[in-house]
Amino acid sequence: MSDDHVYLSLAEASPEGDARWAFGTGFEDPLHGVDTALPESVDPAGLAALCLALGDDALVSAQRLAQWVTCAPELEEEVALANIGLDLLGQARLLLARAGQAEGAGRGEDQLAYFRGPEEFRNVLLAELPNGDFAHCVVRLLLFSSWRLAAFQALTAHPDPVLAAVAAKGINELAYHRDHAAQWTVRLGDGTEESRRRMLAALDELWPHLAELLDGEQQQVRAEVELTLRQVLDAAGLPVPAVPEAASGRGRAGEHTRTWPNCSPSSSRWPGRTRRRHGDRRHGVRRHGDRRHGDGRDGDRGRQVPAATRP
Amino acid sequence: MPVPESGAEPQTAAQTRFDHTLARDQRIEPRDWMPEGYRATLVRQIAQHAHSEIIGMQPEGEWITRAPSLRRKAILFAKVQDEAGHGLYLYSAAETLGADRADLTERLISGRQKYSSIFNYPTLSYADVGVIGWFVDGAAICNQVPLCRSSYGPYARAMVRICKEESFHQRQGYELLLTMMRGSEKQRAQVQDAVDRWWWPSLMMFGPPDGNSPNSERSMAWRIKRHSNDELRQRFVDMTVPQAERLGVTLPDPELVWNEEREVWDFGTPDWSELQRVISGDGPCNQARVERRRQAHEDGAWVREAAAAHAARQQDRQAAQDQQAAQDRQTAQTAQLKGVPA
Amino acid sequence: MTARSEWPLYEVFVRGKRGLNHVHVGSLHAPDERMALTNARDLYTRRNEGVSIWVVRSDAITASTSDEIDPFFAPSGDKVYRHPTFYAIPDDVPHI
Ligand SMILES: [Fe+2]
Ligand SMILES: [Fe+2]
């Protein structure tokens with residue numbers, strides 16, 4: 001057939017190689033030309049803990065965004081949410097890899113992602129809360145990306161060149177995430193009565209989690225986050241609650257909800273979205289590698305009735 | 001582009017021009033006159049194709065959160081996202097023919113329009129992700145590369161974009177399988193099991209045999225399609241057999257044998273009654289697939305409405321602002337004429 | 001959902017590289033121009049395809065119709081003198 005040459009040219013390897021295949025990691029190695037040796041001025045344990053916390057936030061957020069796949073309110077939004085998920089997954093991989101290097105025990109990104117129990121994860125609770133409706137998705141993204149962008153801006157000056165490079169790459173991505181969330185906040189806040197009601201409910205639920213995000217942050221980061229949120233909520237005609245003082249969650253200390261979205265291949269198919277009868281363990285069968293999650297917390301075994309599927 | 005206009009001139013002259021364009025192997029473009037049958041056939045084919053991309057996100061999408069490594073997770077996430085993009089390119093092509101996406105979605109979720117039968121089979125292990133990339137995206141490439149020269153311009157152009165992306169899909173699948181085949185005995189068995197389950201449904205993706213494909217001939221005459229179902233199926237088999245050998249799996253067809261004379265692989269007959277059953281709604285996952293799409297569409301209604309309401313209000317505000325600005329200018333001018341400081 | 005809450009259709013044009021024209025790549029739906037732009041970025045430049053994007057409401061485009069093909073484009077078909085090859089120049093004239 002005369003189309004053979006077309007097929008052959010399509011199947012040829014792209015000059016960029018594998019990097020073209022997995023977009024979350026970008027097309028260029030963000031660490032290109034960066035010295036990956038640990039600088040002596042940096043405390044390895046402190047760096048490992050910081051990278052782990054930031055990496056876990058990103059990984060768990062990416063898991064939640066992955067659960068939006070095939071559920072978004074419009075196909076264009078399907079693509080947008082996946083882009084954000086892929087960006088965060090890319091950040092997670094770089095940060096977990098760096099955490100492993102700083103720890104020096106030979107653990108790589110996958111060891112850290114797959115072979116830790118929930119109590120060893122350091123992500124904030126905001127990131128792991130089960131998905132709700134689209135307003136919930138937007139408010140969570142707004143809070144999370146406003147904080148993360150401000151924090152990453154500060155981290156570009158970190159003495160560890162790898163973390164600084166990851167932060168520098170991340171701020172472009174996060175600025176886009178924040179913008180996306182801000183635009184939706186305004187649309188839904190100033191949309192219909194129903195959308196406004198849903199935004200208020202999402203703010204009610206999620207706002208208290210801001211405390212854990214800001215806990216221990218520099219004044220400059222706090223100020224930037226507060227300013228952003230006030231501007232966006234004002235534009236949306238939504239009330240601006242006071243920034244909570246006491247942290248409501250202790251995800252950073254390893255205390256997680258029962259719906260913590262692990263990466264295990266044996267976790268439920270559409271975690272947080274599949275309603276299952278009590279005792280139905282079809283997808284919850286324990287397999288090797290899952291032992292660390294074997295305390296009954298793995299997977300979202302249908303304890304949550306996802307708001308998005310039953311408004 | 002906006003809804004094309006048609007039939008403003010005497011049909012015969014328009015028809016002649018249409019025929020000439022096809023005869024010279026040139027493309028028909030959105031605002032050209034075209035026979036209603038041509039338009040309807042295209043809308044149906046492109047819509048089914050778009051629906052297939054969108055429904056096709058489901059079998060693999062449910063593995064993103066459970067991919068076996070973060071690298072695989074990124075690859076699969078990107079792949080499933082691409083399929084949403086493909087759906088959008090195609091709906092966009094259908095809209096150049098005057099179709100409306102909301103209406104096409106309605107037809108999909110009410111079961112009035114079909115999508116590829118292959119997506120009504122379940123994914124049972126991560127090997128299925130590999131085999132889908134290899135077989136299903138491979139079959140899609142076979143089908144779609146010739147469509148890059150389809151007679152309808154927007155469809156052909158959408159296909160070029162899609163085909164470029166599909167080659168990533170097929171290669172990631174095959175590479176995953178190569179990795180699994182180098183793994184444990186259990187992993188190799190998983191790959192073989194997935195191959196056994198997906199082989200025949202993949203062959204059915206090319207549609208019924210030529211003798212039983214009523215619309216095929218007309219589509220070929222219009223150059224919407226460039227090759228018959230059986231030709232494409234043969235091509236897929238010929239392409240896949242050596243890949244299977246290299247991978248070390250057995251294709252589940254005892255009749256598969258090299259035909260010296262014709263220089264192609266002879267193969268067995270797919271169970272066409274199964275294809276009929278699955279297409280008409282009786283496959284393992286038909287209900288779940290359509291139900292999930294319907295649910296997402298309905299859950300999203302309030303979001304779409306809110307965004308539209310906000311946009312309308314913004315427009316009104318802008319208009320009021322413009323009007324106010326015009327008035328202010330007027331007042332200032334009048335004041336100036338009167339010599340009063342503005 | 002009522003027809004009124006449909007998001008309008010936008011046409012998308014992408015400049016692939018500096019120095020190239022924007023080309024039409026397809027269309028998408030969006031509630032407003034801002035979203036049309038970000039959706040276009042997400043949909044049509046997932047692989048670094050572009051350096052600049054235009055979006056324009058489909059219903060804002062005025063286009064020639066196929067009925068006009070002849071009166072619109074035929075008259076320029078015979079202006080052969082507009083094309084450089086119309087002019088015979090001896091081979092030994094340099095740089096022309
Ligand atoms: Fe596709
Ligand atoms: Fe594909």
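Just so we're on the same page: letters track the sequence lines, and every chain starts at 1.
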What do you reckon, is CD of Gln287(B) surrounded by more than 12 foreign heavy atoms closer than 6.0 Å?
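Open: at most 12 neighbouring heavy atoms sit under 6.0 Å from CD of Gln287(B).
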Can you confirm whether more than 12 heavy atoms, excluding those of Arg246(B), are under 6.0 Å from its CZ atom?
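Check fails, neighbour count at 12 or below.
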Taking atom [atom1] of [X] and atom [atom2] of [Y], what is their separation to the nearest 0.5 Å?
{"X": "Arg313(B)", "Y": "Arg187(A)", "atom1": "CZ", "atom2": "CZ", "result": "13.5 Å"}
{"X": "Ile64(B)", "Y": "Gln67(A)", "atom1": "CD1", "atom2": "CD", "result": "10.0 Å"}
{"X": "Glu53(B)", "Y": "Leu75(A)", "atom1": "CD", "atom2": "CG", "result": "11.5 Å"}
{"X": "His310(B)", "Y": "Gln183(A)", "atom1": "NE2", "atom2": "CD", "result": "9.0 Å"}
{"X": "Phe77(B)", "Y": "Leu65(A)", "atom1": "CZ", "atom2": "CG", "result": "6.0 Å"}
{"X": "Arg71(B)", "Y": "Leu89(A)", "atom1": "CZ", "atom2": "CG", "result": "12.5 Å"}

For chain A, the option from Ser69(B), Ala84(B), Ala307(B), Gly85(B) that forms the most heavy-atom pairs under 4.5 Å
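Going by pairs under 4.5 Å, I would pick Ser69(B).
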In terms of heavy-atom pairs under 4.5 Å with chain A, which of Ile54(B), Thr105(B), Val80(B) leads?
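Heavy-atom pair counts peak at Ile54(B).
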Heavy-atom closest contact ([X] atom, [Y] atom, distance):
{"X": "Gly61(B)", "Y": "Val69(A)", "answer": "CA-CG1, 4.5 Å"}
{"X": "Asp110(A)", "Y": "Leu70(B)", "answer": "OD1-N, 2.9 Å"}
{"X": "Cys71(A)", "Y": "Ala296(B)", "answer": "CA-CB, 3.8 Å"}
{"X": "Thr192(A)", "Y": "Ala309(B)", "answer": "CG2-CB, 3.9 Å"}

Answer yes or no: is there a side-chain heavy-atom contact under 4.5 Å between Val79(A) and Asp82(B)?
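Result no, sub-4.5 Å side-chain heavy-atom pair not found.
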Taking [options] one by one, which has the highest count of heavy-atom pairs under 4.5 Å against chain B?
{"options": "Gly189(A), Ala82(A), Ala92(A)", "value": "Ala82(A)"}
{"options": "Arg196(A), Glu78(A), Glu193(A), Glu109(A)", "value": "Glu109(A)"}
{"options": "Ala72(A), Ala62(A), Gly85(A)", "value": "Gly85(A)"}

As a test of understanding, state which of Gln295(B), Gln58(B), Arg292(B) forms a side chain to side chain donor-acceptor pair (under 3.5 Å) with Thr70(A).
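By the side chain to side chain donor-acceptor pair (under 3.5 Å) criterion, Thr70(A) pairs with just one of Gln295(B), Gln58(B), Arg292(B): Arg292(B).
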Test log, rule side-chain contact (heavy atoms from CB on, under 4.5 Å), inputs Asp133(A) and Asp299(B):
CA-CA 8 Å; Asp133(A) 62 5; Asp299(B) 287 347; over 6 Å; no
Worked check of side-chain contact (heavy atoms from CB on, under 4.5 Å) between Lys73(B) and Gln63(A)
CA-CA 10 Å; Lys73(B) 191 189 290 288; Gln63(A) 286 286 90; 2.6 Å; yes
Please walk me through it: do Gln81(B) and Asn83(A) pass side-chain contact (heavy atoms from CB on, under 4.5 Å)?
CA-CA 8 Å; Gln81(B) 181 199 37; Asn83(A) 263 352; 2.7 Å; yes
Looking at Arg317(B) and Asp190(A), is there a salt bridge between them, counting it only when a charged N and a carboxylate O are closer than 4.0 Å?
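Counted as a salt bridge, because a side-chain N and a carboxylate O are separated by less than 4.0 Å.
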Do the side chains of Glu76(A) and Arg101(B) get close enough for a salt bridge, i.e. N-O under 4.0 angstrom?
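Salt bridge flag = yes for Arg101(B) with Glu76(A).
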Determine whether the side chains of Arg66(B) and Ser264(A) contain a donor N or O and an acceptor N or O closer than 3.5 Å.
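No, no side-chain donor-acceptor pair sits under 3.5 Å.
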Is Tyr91(B) in contact with chain A via its backbone, its side chain, both, or neither, using a 4.5 Å heavy-atom distance?
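Only the side chain of Tyr91(B) comes within 4.5 Å of chain A.
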Between the side chain of Arg304(B) and the main-chain N/O of Pro73(A), is any donor-acceptor distance below 3.5 Å?
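At least one qualifying donor-acceptor pair exists.
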Quick one: what part of Val186(A) sits under 4.5 Å from any heavy atom of chain B, side chain, backbone, both or neither?
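For Val186(A), heavy atoms of backbone and side chain both lie under 4.5 Å from chain B.
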